Amino acid sequence: MSIFINKDTKVLIQGITGKEGSYWTKHMKEMGTRITCGVTPGKKGQQVEGIPVYNSVREAAAEHEVEASMLFVPPRFTKDAVFEALDAGIKKIVTIADGIPLHETMEIRKAARQADALVIGGNTSGVISPGKAMMGFFPYWIERVYKEGRIGVMTRSGSLTNEVTAMVVRAGYGVSTLVGVGGDPVPGTRFAELLPAYQDDPETDAVVIIGELGGTMEEEVADAMNKGLFTKPLVAFLGGRTAPKGKRMGHAGAIATGGKGTVEGKVAALEAAGALVAQRPRLVGDLLKQALTEEGR
Amino acid sequence: MSIFINKDTKVLIQGITGKEGSYWTKHMKEMGTRITCGVTPGKKGQQVEGIPVYNSVREAAAEHEVEASMLFVPPRFTKDAVFEALDAGIKKIVTIADGIPLHETMEIRKAARQADALVIGGNTSGVISPGKAMMGFFPYWIERVYKEGRIGVMTRSGSLTNEVTAMVVRAGYGVSTLVGVGGDPVPGTRFAELLPAYQDDPETDAVVIIGELGGTMEEEVADAMNKGLFTKPLVAFLGGRTAPKGKRMGHAGAIATGGKGTVEGKVAALEAAGALVAQRPRLVGDLLKQALTEEGR
Amino acid sequence: MKLFEYQAKEVFARYGLTVPPSLTALTASEAEQAAKDLECPVVLKSQVLRGGRGKAGLIQLVSSPEEAGQKAQELFDSPHGVRRLLVEKAVDIDQEIYISVTIDAEKAEAMFMLSIEGGVEIETLAAESPEKIHFEYADITRGLLPFQARDLIYRAGVEGDLAKKLIPVVIKLFSIFKDYDAELVEINPLFLTKQGELIAGDGKIMIDDNSAHRQEEYSITREHFDSDMDFEAAQDGIPYLQFDGEISLMCAGAGLTTTVYDLINYEGGTVANYLEFGGPNYKRAKRAMELCLRNRTAKVLLVVTFGTIARADVMAEGIVSAMQELKPEIPIVTCIRGTNEEAAHKTLAAAGLDPLTDTEEAVRKAVSLCRGESR
Amino acid sequence: MKLFEYQAKEVFARYGLTVPPSLTALTASEAEQAAKDLECPVVLKSQVLRGGRGKAGLIQLVSSPEEAGQKAQELFDSPHGVRRLLVEKAVDIDQEIYISVTIDAEKAEAMFMLSIEGGVEIETLAAESPEKIHFEYADITRGLLPFQARDLIYRAGVEGDLAKKLIPVVIKLFSIFKDYDAELVEINPLFLTKQGELIAGDGKIMIDDNSAHRQEEYSITREHFDSDMDFEAAQDGIPYLQFDGEISLMCAGAGLTTTVYDLINYEGGTVANYLEFGGPNYKRAKRAMELCLRNRTAKVLLVVTFGTIARADVMAEGIVSAMQELKPEIPIVTCIRGTNEEAAHKTLAAAGLDPLTDTEEAVRKAVSLCRGESR
């Protein structure tokens with residue numbers, strides 16, 4: 001098991017012949033990801049790491065089974081690539097692109113929801129289920145971070161994810177599935193929308209969320225917990241507690257507006273919903289132990 | 001019973017205070033239509049024929065039950081009014097406007113389908129179930145046309161509808177529900193999409209379709225009959241058999257393009273599907289008799 | 001409203017599509033000068049809206065300015081109403097492609113058609129080799145996305161350099177379609193030159209009449225019509241079609257009019273003209289009758305209506321007072337039904353007309369009047 | 001990228017929204033002349049991007065050109081970095097309205113906020129009287145339809161003539177939002193004058209940086225930044241924020257940097273600057289270190305990374321060679337982890353640095369170095 005992706009998920013790579021695309025295709029494949037085909041317009045007939053390349057998603061999907069698409073496509077062409085995947089009926093899409101025009105991120109999220117699909121990203125490292133499969137570019141070879149285990153991780157950040165996940169591993173745990181929802185103001189998928197999958201995943205005992213100031217994603221997690229949609233232990237770490245007001249620190253998504261999105265507000269909401277909030281990354285491990293012991297696991 | 005609308009359908013009138021709107025509101029009400037409220041922006045608090053007027057559909061729908069909306073709105077504002085009704089969750093909409101910009105008719109039909117709603121029109125007289133209710137502007141007082149009965153009528157035309165329906169009545173029948181889908185190239189609802197309702201209507205014994213050259217609506221009816229989606233007797237009359245090629249005769253929708261849409265093609269498709277096609281309006285009554293006698297009714 | 005080829009090509013050029021160098025000419029000497037300026041060989045293309053210009057001899061390749069002047073004069077003198085020529089530099093053609101965008105009414109989407117065998121009419125291609133036409137659909141709100149353009153092109157079997165050049169053509173075609181509220185934008189043929197360039201060989205743009213208020217650049221001119229009558233009626237906002245038969249038709253409602261046209265044909269009659277007397281025109285009987293009576297071939301005026309908002313009594317009064325003013329020399333057959341028809345029939349009878357109520361009867365009467373059988 | 005008020009108002013005027021007559025002034029004498037030309041009373045508005053200009057005294061009402069010149073000089077001389085004034089004719093105000101459009105990330109739609117009690121900051125309004133803010137949402141593809149603008153206005157309790165005038169304002173605001181790839185378009189206050197006219201009293205437009213390639217009209221200038229350093233770093237494409245503490249921060253990754261900033265504060269330290277050394281900048285250690293070392297208040301340089309594509313070994317080599325070239329006088333604390341970290345640690349150790357691997361340890365060390373506790 002694992003959420004979003006597993007060893008059997010048939011993955012298409014859009015932008016497979018590019019420098020990043022081919023490099024990470026090799027790594028994803030090495031890690032065990034089942035990549036069935038790739039697409040780069042005009043490159044039909046080529047092969048990348050033994051994977052056949054097509055001109056279009058429609059063409060690739062006609063020849064191969066495809067359940068998910070991984071995009072290595074520049075930000076300005078990401079909307080086009082996402083819509084191409086959605087139109088071909090693909091329901092799981094990961095885009096790492098950093099710099100997608102903001103209005104296009106709105107179009108992407110809206111279209112994904114209308115198609116009942118999940119788009120993860122942009123501005124993320126992707127999704128990884130250590131030891132099973134990966135859609136993205138994680139340094140899975142760093143064992144003190146990407147160790148297989150039973151803790152789900154969701155994050156808005158990149159480097160901070162390594163920092164915090166290392167603490168999860170240092171505490172003796174490993175990761176079931178890590179999803180980077182990305183640092184954009186309008187990510188394709190939000191924390192709370194992934195909680196049901198973690199709730200249902202028999203291989204996930206608890207979830208760690210790595211948030212930051214700005215937006216309302218952490219508040220939505222608290223809401224979902226209050227509604228009983230997620231009942232496993234949840235530990236959170238949030239960056240930006242001391243960030244000065246009025247300066248944009250962190251990701252573009254990390255802005256507090258209209259009285260919403262402050263770290264204090266998020267912490268209060270999460271704690272009221274029963275989550276444990278770590279003030280420092282180092283404390284995430286302790287809180288996980290505390291939560292899982294309370295649960296009697 | 002009857003399809004689309006009956007005595008109990010709660011109808012909202014958009015554009016109720018206008019000259020046409022208020023005139024036909026009076027007639028629809030007189031005929032028995034249950035009109036609960038009306039909308040004209042900026043005219044909140046007024047009354048038309050005792051019906052309260054609101055500024056917006058949202059406002060009206062919050063105060064009254066609304067199942068269907070009848071638009072008396074100029075063609076350039078029809079898209080806005082249809083979307084307002086759709087956004088308020090209304091699933092049955094009739095627009096009589098003649099002259100809706102073509103690209104907006106595409107948007108209207110697309111949005112209606114996405115919302116699982118039916119938009120009838122534009123460029124139509126609307127829908128009437130004689131003796132029960134009316135959304136539109138039919139001369140229901142002309143008894144030799146608008147007589148209650150058990151024949152469903154669907155039409156792309158206005159004046160021709162009176163001509164043909166008079167023949168139905170002359171043959172001793174009456175009308176269960178008459179739907180004018182309208183003469184626009186992209187009507188909101190197409191013949192074939194209404195067939196299931198006629199099929200299910202216990203008060204409809206047979207259907208007459210009044211078509212013309214151009215488009216593929218009649219061919220779609222034949223398809224539906226071939227697929228067994230409609231099994232009651234169907235009689236068709238089609239105008240434009242002798243129309244010279246290359247001239248636009250009839251409605252804007254009445255153009256044969258890409259080898260499709262000729263009357264000969266339509267007649268062949270309908271006859272192959274088991275429909276009876278009248279060469280002249282006068283013959284519609286005879287064919288109905290023939291069909292209903294064959295059916296043993 | 002259809003644009004002329006030269007107008008469509010102006011639009012193409014505005015959107016960055018390549019068109020051949022060209023000039024327009026309103027006289028033979030302008031055509032000769034244009035041929036000089038452009039350098040021969042040039043093609044003289046008659047700017048008329050009818051199809052099949054090639055077969056009708058309305059397109060001429062000429063190899064010298066003198067020939068250009070001479071052929072131009074022949075075209076202007078032809079019976080096809082040529083009033084303007086597009087003088088266009090001849091193109092060195094390697095391949096002809098068909099591309100268009102129109103509307104799929106059922107899907108309610110823009111529909112692209114692409115065939116890498118262009119140069120013939122799409123109707124012919126659809127009938128003879130439907131498998132050679134490739135389709136793509138675009139939601140009008142979402143627009144055409146680049147991947148859809150690529151998809152269409154790859155499915156048509158185009159690859160490599162030509163595919164790269166075709167992608168922007170498809171995308172620009174959609175922009176034109178959208179920006180001009182078009183019913184149709186067609187490039188047929190789209191030339192692929194020996195130098196590998198894509199050039200619009202012809203161009204059709206049809207603008208939706210219902211969107212005319214936001215497409216003010218173009219207005220109806222005499223050149224859009226076959227006859228002065230058509231043009232005059234259109235300026236008056238009265239839908240009108242000119243034929244050359246014997247029955248002048250004044251009807252209300254497009255569907256009914258078309259049906260009456262059929263019935264006249266079934267009865268062996270012929271139609272002089274077809275005039276829309278319904279909708280907003282139902283109070284304009286005098287103007288409508290005036291236009292009808294100008295048809296010198298007409299032997300009878302047939303009025304058929306069955307209206308709702310277009311009240312029968314108002315139409316009848318209009319007809320009667322128009323008769324009194326215009327004093328038509330040909331007989332009038334009326335079949336006016338609908339709202340307030342009793343009053344209408346009284347008015348007509350009082351004026352000496354026979355108020356018929358059955359369309360077929362009226363048609364038969366009109367046809368027999370033409371034959372001089374009765375009056 | 002934020003536009004200045006005068007730029008935002010230029011955009012408003014282009015879309016047919018009414019703005020007060022105004023001129024800009026770069027000197028006190030230009031301000032005096034502008035006051036003469038516009039006729040007093042006029043308002044001098046400092047063109048800076050910070051909020052709360054009124055409270056900070058950066059907006060001045062003056063009643064004579066002489067006063068305008070004098071107050072303008074005071075504004076230019078103030079410590080707020082005022083480089084341009086908008087000299088604006090004073091408006092006769094009856095009511096102030098708040099209107100804006102921004103983004104609702106969860107709905108992925110444009111979000112309008114309207115309050116008929118404007119003039120205060122939306123954060124204040126949201127905290128104190130949330131019921132006075134009315135919302136409407138528009139799909140970015142479908143656009144804002146007129147009925148939605150009406151709905152918003154009627155729900156806010158506006159009716160009659162004012163409602164009619166507000167509808168086009170809402171619609172135009174959306175057009176600006178869409179055409180300028182905006183994150184925010186705000187008019188606060190929108191004045192209703194005693195004559196019943198709606199005039200934009202202030203204007204904010206924030207353009208999405210990721211859409212800069214299609215918004216070429218505006219570029220980053222020195223006026224957009226608080227300090228020369230911020231501006232220089234931005235021109236180099238290096239995200240940089242200037243503070244006035246003791247630890248110069250060179251970190252990779254926005255989330256990690258923000259967290260390190262928190263940890264420094266927890267430990268009682270202060271930050272001199274915040275520089276993004278990740279993403280595309282990970283190979284530019286020298287330039288990054290150069291910028292950091294310009295902070296004369298900095299007592300230590302702290303480097304924290306935990307990267308993937310931004311390789312640890314490359315960053316370490318960059319740091320070491322930058323050290324050799326720039327010969328920093330302040331100590332450097334490194335905590336570089338991620339891809340190829342073993343090699344990175346060897347490189348750092350060979351250069352005499354202590355390659356720490358725990359962020360908190362590194363922060364504590366930096367803070368104690370500032371206190372002079374160890375080295």
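The basis for the numbers below is simple: all heavy atoms, side chains too, and nothing from hydrogens, waters or symmetry mates. Order of the sequence lines fixes the chain letters, A, B, ..., with proteins taken first and strands second; residue numbering starts at 1 for each chain. Note that the structure is predicted; figures quoted are calculated from it, not measured.
- Few gaps surround OH on D:Tyr266; more than 12 heavy atoms of other groups in view lie less than 6.0 Å from it.
- Other residues, nucleotides and ligands contribute only 12 or fewer heavy atoms inside 6.0 Å of the CG atom of D:Asp244.
- Both the backbone and the side chain of A:Arg241 come within less than 4.5 Å of a heavy atom in chain D.
- In this structure, the portion of D:Ala110 lying under 4.5 Å from any heavy atom of chain A is its backbone and not its side chain.
- Listed by sequence position, A:Glu20, A:Trp24 are the residues of residues 18-29 of chain A in contact with chain D, using a 4.5 angstrom heavy-atom cutoff.
- Every residue two or more places apart in sequence or in another chain that forms a side-chain hydrogen bond (donor to acceptor under 3.5 Å, both in side chains) with A:Arg109 is listed here: A:Glu193.
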request  = Step by step, work out the side-chain contact (heavy atoms from CB on, under 4.5 Å) result for D:Ile103 and A:Leu102.
outcome  = CA-CA 9 Å; D:Ile103 288 168; A:Leu102 183 57; 3.2 Å; yes

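- Judged by distance alone, the side chain of A:Ser159 and the main-chain N or O of D:Ala252 form a donor-acceptor pair under 3.5 Å.
- For D:Glu117, the salt bridge (charged side-chain N to carboxylate O under 4.0 Å, His left out) partners are D:Lys132, not counting sequence neighbours.
- Closest heavy-atom contact between D:Ala182 and A:His103: O-NE2, 2.7 Å.
- For chain D, the nearby part of A:Ala166 is the side chain; its heavy atoms alone come within less than 4.5 Å.
- Counting all heavy atoms, side chain and backbone alike, D:Ala105 lies closest to A:Pro185 at CB-O, 3.2 Å.
- Interface remark: D:Asp262 contributes backbone and side-chain atoms alike to the contact with chain A (heavy atom separation under 4.5 Å).
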task = Go through the steps for D:Glu106 and A:Arg113 under the test salt bridge (Lys or Arg N to Asp or Glu O under 4.0 Å), then give the verdict.
result = CA-CA 11 Å; D:Glu106 198 278 330; A:Arg113 275 151 51 111; 3.6 Å; yes

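- Taking CG of D:Asn265 as the reference point, atom OG1 of A:Thr242 lies at 4.0 Å (rounded to 0.5 Å).
- Note on D:Arg337, D:Arg50, D:His213: by heavy-atom pairs under 4.5 Å with chain A, the leading option is D:His213.
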ask   = Does the pair D:Asp358 and A:Glu163 meet the rule for a side-chain contact (heavy atoms from CB on, under 4.5 Å), with working shown?
value = CA-CA 9 Å; D:Asp358 183 277; A:Glu163 178 81 30; 6.0 Å; no

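- Across all their heavy atoms, A:Pro244 and D:Tyr261 have their closest contact at CD-OH, 3.4 Å.
- Remark: side-chain polar atoms of D:Asn210 are paired, donor with acceptor, to backbone N or O of A:Ile100 under 3.5 angstrom.
- Contact annotation for D:Glu109: both backbone and side-chain heavy atoms come within less than 4.5 Å of a heavy atom of chain A.
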Which pairs would a plain distance check flag for residues 138-145 of chain D, meaning a side-chain donor or acceptor within less than 3.5 Å of a matching protein atom at least two apart in sequence or in another chain?
from, atom 1, to, atom 2, distance (Å)
D:Asp139, OD1, D:Thr141, N, 2.8
D:Asp139, OD1, D:Arg142, N, 2.9
D:Asp139, OD2, A:Lys110, NZ, 2.6
D:Thr141, OG1, A:Glu107, OE1, 3.2
D:Arg142, NH1, B:Asp87, OD1, 3.1
D:Arg142, NH2, B:Asp87, OD2, 2.8

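- D:Glu267 has a carboxylate O that lies under 4.0 Å from a charged side-chain N of A:Arg280, or vice versa, which qualifies the two as a salt bridge.
- In this structure, chain D has a heavy atom under 4.5 Å from the side chain of A:Val145, while its backbone stays farther away.
- The closest side-chain donor-acceptor pair between D:Thr258 and A:Glu212, if any, does not fall under 3.5 angstrom.
- When all heavy atoms are compared, the tightest approach of A:Val186 to D:Ala108 is CG1-CB, 4.2 Å.
- More than 12 heavy atoms of other residues, nucleotides or ligands sit less than 6.0 Å from atom CD of D:Glu361.
- More than 12 heavy atoms of other residues, nucleotides or ligands sit less than 6.0 Å from atom NZ of D:Lys178.
- Using a distance-only test at 3.5 Å, with no hydrogens or angles considered, a donor-acceptor pair links the side chain of A:Asn162 to the main chain of D:Phe306.
- If you tally non-hydrogen atom pairs under 4.5 Å between each of D:Leu184, D:Ile264, D:Asp208 and chain A, the highest count goes to D:Asp208.
- Using a 4.0 Å cut-off between charged side-chain N and carboxylate O, A:Glu104 and D:Arg214 make a salt bridge.
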